[in-house]
Amino acid sequence: MANVEIIHAYRHLYRGLLHAVQFSKPARYVARDQLRAAFRRDGAVFDPQGVAITIDFLDAAARSRGPEHKVLKNILMIAYYRLHSHPPSWKNIKIDAQTRKKETEFAKHARETAYKHYDMTIAMLNKSMGLCLR
């Protein structure tokens with residue numbers, strides 16, 4: 001029975017995401033990848049109430065271009081640029097290997113903690129609203 005609930009939750013969330021981003025190409029792929037990663041993560045706990053609230057949030061984002069739509073759009077944009085800002089190519093890998101040798105402590109710290117505040121903000125949004133956004 002639990003597997004059926006999880007499958008339905010995944011399908012409802014995915015359908016809600018597609019409607020909320022209006023099937024736009026980069027956003028729907030980022031949303032799909034994040035949803036897959038969330039459902040495949042080890043130690044993930046299924047929260048039916050959180051899923052229901054998130055589906056309502058996605059429906060509100062799909063209905064109008066209000067704050068829900070803007071929040072979702074910004075989350076997906078940050079996720080896209082976080083993953084695709086430096087596409088891997090041999091030239092980039094070679095340059096990264098050379099520059100990381102010369103990298104200062106400050107630059108190393110900045111690179112490692114660039115998204116820490118953003119991740120904390122999303123975690124607080126999830127906690128205060130009962131959402132399951134990532």
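In this structure, Arg65 and Lys70 approach most closely via the heavy-atom pair O-CE, 3.9 Å. The nearest pair of heavy atoms linking Val51 to Ala9 is CG1-CB, 3.8 Å. For Cys132 against Gly50, the heavy-atom pair with the smallest separation is SG-C, 3.5 Å.
Going from atom CG of Leu76 over to atom CZ of Arg28 covers 13.0 Å, rounded to the nearest 0.5 Å. If you take CD on Glu68 and CG on Leu58, they are separated by 10.0 Å, rounding to the nearest 0.5 Å. Here the straight-line distance linking atom OH of Tyr80 with atom CG of Asp33 works out to 11.5 Å at 0.5 Å rounding. We find the CD1-NE2 distance between Ile6 and His8 to be 11.5 Å, quoted to the nearest 0.5 Å. With rounding to the nearest 0.5 Å, the separation of CD1 in Ile78 from CD1 in Ile122 is 9.0 Å. Taken to the nearest 0.5 Å, the OH atom of Tyr10 stands 7.0 Å off from the CZ atom of Arg40.
Contact annotation: the side chain of Val30 never approaches that of Val21 to less than 4.5 Å [non-hydrogen atoms, C-beta and beyond]. Two residues are said to be in side-chain contact when any heavy atoms from C-beta on lie closer than 4.5 Å; Val71 and Leu125 meet this criterion.
Applying the side chain to side chain donor-acceptor pair (under 3.5 Å) definition to pairs two or more places apart or across chains, those involving residues 114-133 are Arg82-Asp119. For residues 13-35, the ring pair (Phe, Tyr, Trp, His ring centres under 6.0 Å) pairs, not counting sequence neighbours, are His19-Phe23.
With hydrogens and angles ignored, the 3.5 Å screen pairs no side-chain donor or acceptor of Thr54 with any backbone N or O of Leu131.
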